[in-house]
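Below is one structure, written out as structure tokens; comments come after it.
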Amino acid sequence: MTGMPDTTYDPLAGLRGPGTPDFDVFLWGTVFLDIIFTGLADRPTGGTEVWADGMGSSPGGTANLAIAASRLGLRTSLAAAFGDDDYADFCWRTLSEQEHVDLSRSRRFDNWHSPVTMSVAYDGDRSMVTHGHPSPLPATELIGQPPRTRAVIVDLGDIEPLGDPTRSTWVDLARKEGGLVFADVGWDQTGAWSPQVLAQLEHCDAFLPNAGEAMAYTRTGSPQDALYALADRVPLAIVTDGAAGAMGIDAKTGEEARVPALRVPALDPTGAGDVFGAGLVLGTLAGWALADRLAFATLCSALAVQQFGGSLAAPGWGDIADWWQDLRTSGDQSSYTRSLRRRYEFLDEIVPSVPVGAVRRAVATIARNADVTNN
């Protein structure tokens, strides 16, 4: 279980005061019950049964992002549809009681089956089977007037078009109240890569696609060229490039930066993009330099991919403090390790404020005890 509120580090404490927003991040999306199997001796094939050494269960989907943000100390509110079944009971309880995510804009619906994903991790890859139904109500109707928040994080492919002069979406309403809009986008299965997606960036403050998506939407041949094209459209443009790291341009501060990825054994990429996004939002709200924001988000993602299972893997400040202390006290004097110490020296001003027993990864599971292995 994560730490109790008195061991929660608040990275934005200095920005809080009378009249400031109640929340740092507000989200909308679909919450899945994720069931993860690990430690398989072989890949499942037709007509066979394979036993798994490890198994865990946790809220997934947009809950990955909500939990990642909350574990980093961001006051997080999530709007989603929940059913009336035991799966929904578990996800609601885990989000609200264990992960301290506000669900005041979420709603439960009778006779609506909770979405479920079964994930099988094997040999550094994963396969998934999913069952789900659309939300009984569209986002803006379910949310109404969103709470005042410093930021919203949205998938441009999963929301109503922004900037419609005849009808404001919940995102438009949040932005009118001062919320920064951090946008992402999923892979376009149709292959159309519609220009209308990028047209919505005029209503956004930041855009965080991966390299493949960025190049496809901008019709460019390299991640760098895609970044420049996006920087012409949105104040903060970020492109993630897997093992090559991440790059960004912040027009408001005049900064441009590129940060390499960390060398880590990647066991499960589920939710890594969500963890990166949460870290980037935190750094931006805190006013960090762009290079530090990218480095921090990359670190959070690297810590997550070394574990199995989406929100189960999202790091908290306790995990980050442990990593930094281990790096600082390590006797390794290789060029790579010295480079990491230089890159993350900004953590020296943060980690001493992290309380002992600060939030760490949780073990949310219907079976009460997670049994997820890294083998």
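The model shown is predicted, which means the values in this text are computed figures rather than measured ones. By convention here, the first residue in the shown sequence is residue 1. Scope of the values below: all heavy atoms of this structure, side chains included, with no hydrogens, waters or symmetry mates.
- Identified under the ring pair (Phe, Tyr, Trp, His ring centres under 6.0 Å) test for residues 222-258, with sequence neighbours left out: none.
- Side-chain N or O atoms of Arg71 include one that pairs as donor or acceptor with a backbone N or O of Ala314 at under 3.5 Å.
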Can you give me every donor-acceptor pair (side chain of residues 196-207, partner residue at least two apart or in another chain, under 3.5 Å) with its distance?
{"from": "Gln200", "atom 1": "OE1", "to": "Leu162", "atom 2": "N", "distance (Å)": "2.9"}
{"from": "Asp205", "atom 1": "OD1", "to": "Arg175", "atom 2": "NH2", "distance (Å)": "3.3"}
{"from": "Asp205", "atom 1": "OD2", "to": "Arg175", "atom 2": "NE", "distance (Å)": "3.4"}
{"from": "Asp205", "atom 1": "OD2", "to": "Val181", "atom 2": "N", "distance (Å)": "2.8"}

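- Ile143 CD1 to Arg107 CZ: the interatomic distance, rounded to the nearest 0.5 Å, is 10.5 Å.
- Ser222 and Asp225 make their closest contact through OG-N, 3.1 Å (heavy atoms, listed as atom of the first residue, atom of the second, distance).
- No side-chain donor-acceptor contact under 3.5 Å links Tyr217 to the backbone of Pro209.
- In this structure, Gly277 and Leu208 approach most closely via the heavy-atom pair CA-CD2, 4.0 Å.
- When the side chains of ILVMFWY residues are joined at heavy-atom separations under 4.5 Å, either directly or via intervening members, Val275 and Val101 end up in two distinct hydrophobic clusters.
- A distance-only check finds a donor-acceptor pair linking the side chain of Thr94 to the backbone of Phe90 [under 3.5 Å].
- The two residues Ala214 and Leu230 have their closest heavy-atom pair at CB-CD1, 4.0 Å.
- To the nearest 0.5 Å, the span separating CG on Leu236 from CG on Leu280 amounts to 6.0 Å.
- The minimum heavy-atom distance between Ile320 and Cys300, with the atom names listed, is CD1-SG, 4.1 Å.
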Please output the side-chain donor-acceptor pairs of residues 242-251 that fall under 3.5 Å, not counting sequence neighbours, one pair per line with the distance.
{"from": "Asp250", "atom 1": "OD1", "to": "Lys252", "atom 2": "N", "distance (Å)": "2.9"}
{"from": "Asp250", "atom 1": "OD1", "to": "Thr253", "atom 2": "N", "distance (Å)": "3.4"}
{"from": "Asp250", "atom 1": "OD2", "to": "Arg293", "atom 2": "NH1", "distance (Å)": "3.2"}
{"from": "Asp250", "atom 1": "OD2", "to": "Arg293", "atom 2": "NH2", "distance (Å)": "2.9"}

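- Residues Ile67 and Phe32 do not share a hydrophobic cluster, defined by chaining ILVMFWY side chains whose heavy atoms lie under 4.5 Å apart.
- The hydrophobic cluster containing Phe23 does not contain Val154, counting ILVMFWY residues as joined when their side-chain heavy atoms lie under 4.5 angstrom apart, directly or transitively.
- Side-chain N or O atoms of Thr20 include none that pairs as donor or acceptor with a backbone N or O of Arg16 at under 3.5 Å.
- Between the side chain of Thr337 and the backbone N or O of Ser334, no donor-acceptor pair lies under 3.5 Å.
- Inter-residue side-chain proximity for Leu262 and Thr298 is flagged as met; some heavy-atom pair is nearer than 4.5 Å.
- In this structure, Asp158 contributes its side chain and Gly29 its backbone to no donor-acceptor pair below 3.5 Å.
- Under the 4.5 Å side-chain criterion, counting only non-hydrogen atoms from C-beta, Arg105 is not in contact with Pro146.
- Ala291 and Val259 make their closest contact through O-CG2, 3.7 Å (heavy atoms, listed as atom of the first residue, atom of the second, distance).
- Without hydrogens or angle criteria, Gln307 side chain to Leu303 main chain gives no donor-acceptor distance under 3.5 Å.
- For Asp274, the side-chain contact (heavy atoms from CB on, under 4.5 Å) criterion is met by Asn64, Leu65, not counting sequence neighbours.
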N/O donor-acceptor pairs under 3.5 Å from side chains in residues 129-142, not counting sequence neighbours:
{"from": "Thr130", "atom 1": "OG1", "to": "Thr117", "atom 2": "OG1", "distance (Å)": "2.8"}
{"from": "His131", "atom 1": "NE2", "to": "His133", "atom 2": "NE2", "distance (Å)": "3.3"}
{"from": "Ser135", "atom 1": "OG", "to": "Leu137", "atom 2": "N", "distance (Å)": "3.3"}
{"from": "Ser135", "atom 1": "OG", "to": "Leu137", "atom 2": "O", "distance (Å)": "2.7"}
{"from": "Thr140", "atom 1": "OG1", "to": "Glu160", "atom 2": "OE1", "distance (Å)": "2.7"}
{"from": "Thr140", "atom 1": "OG1", "to": "Trp170", "atom 2": "N", "distance (Å)": "3.1"}

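- Looking only at side-chain heavy atoms (C-beta outward), Val50 and Val120 stay at 4.5 Å or farther from each other.
- The salt bridge (Lys or Arg N to Asp or Glu O under 4.0 Å) analysis of residues 108-122, with sequence neighbours excluded, yields the pairs Asp89-Arg108.
- Legend: salt bridge (Lys or Arg N to Asp or Glu O under 4.0 Å) pairs involving residues 233-247, not counting sequence neighbours: none detected.
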Go through the steps to decide whether Trp324 and Ile350 satisfy the test side chain to side chain contact (heavy atoms under 4.5 Å, CB included), and finish with yes or no. CA-CA 10 Å; Trp324 177 236; Ile350 301 170; over 6 Å; no

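- Applying the salt bridge (Lys or Arg N to Asp or Glu O under 4.0 Å) definition to pairs two or more places apart or across chains, those involving residues 337-348 are Arg328-Asp348.
- Listed by chain and number, the residues in a ring-ring contact (aromatic ring centres under 6.0 Å, His included) with Trp187 are Trp193 (sequence neighbours excluded).
- Side-chain atoms of Tyr344 come within 3.5 Å of backbone N or O of Ala295 as a donor-acceptor pair.
- The two residues Leu72 and Pro315 have their closest heavy-atom pair at CD2-O, 4.0 Å.
- Checked for salt-bridge contact, Asp24 and Arg75 miss the test: no charged N lies under 4.0 Å from a carboxylate O.
- In terms of hydrophobic clustering, with Ile, Leu, Val, Met, Phe, Trp and Tyr side chains grouped at heavy-atom distances under 4.5 Å, Val152 and Leu12 are assigned to different clusters.
- The closest side-chain heavy-atom distance from Ser114 to Leu33 is not below 4.5 Å.
- Atom OG of Ser77 sits about 12.5 Å away from atom CH2 of Trp28, to the nearest 0.5 Å.
- Residues passing the side chain to side chain donor-acceptor pair (under 3.5 Å) test with Ser168, sequence neighbours excluded: Lys176.
- Atom-to-atom distance recorded for Thr284:OG1 and Leu290:CG is 8.0 Å, nearest 0.5 angstrom.
- Taking CG of Leu312 as the start and CD1 of Ile36 as the end, the distance is 5.0 Å to the nearest 0.5 Å.
- Judged by distance alone, the side chain of Ser104 and the main-chain N or O of Asp102 form no donor-acceptor pair under 3.5 Å.
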One pair to check against side chain to side chain contact (heavy atoms under 4.5 Å, CB included): Asp53 and Thr38. What are the steps and the verdict? CA-CA 6 Å; Asp53 289 340; Thr38 67; 5.9 Å; no

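- Ile238 and Val234 sit in two unconnected hydrophobic clusters of ILVMFWY residues. Membership requires side-chain heavy atoms under 4.5 Å apart, directly or through other members.
- Here the CZ atom belonging to Phe26 is positioned 12.0 Å from the CD1 atom belonging to Ile153, to the nearest 0.5 angstrom.
- Counting heavy atoms from C-beta outward, Thr169 and Ile159 have side chains that stay 4.5 Å or more apart.
- Take Asp326 and apply the side-chain contact (heavy atoms from CB on, under 4.5 Å) test, not counting sequence neighbours, and it matches no residue.
- At a threshold of 4.5 Å between non-hydrogen side-chain atoms, the residues Pro59 and Glu99 do not count as touching.
- Counting only residues at least two apart or in different chains, ring pair (Phe, Tyr, Trp, His ring centres under 6.0 Å) contacts with residues 237-295 comprise Trp288-Phe296, Trp288-Phe346.
- For the pair Cys91/Val31, a side-chain contact is recorded, criterion being any heavy-atom separation below 4.5 Å from C-beta on.
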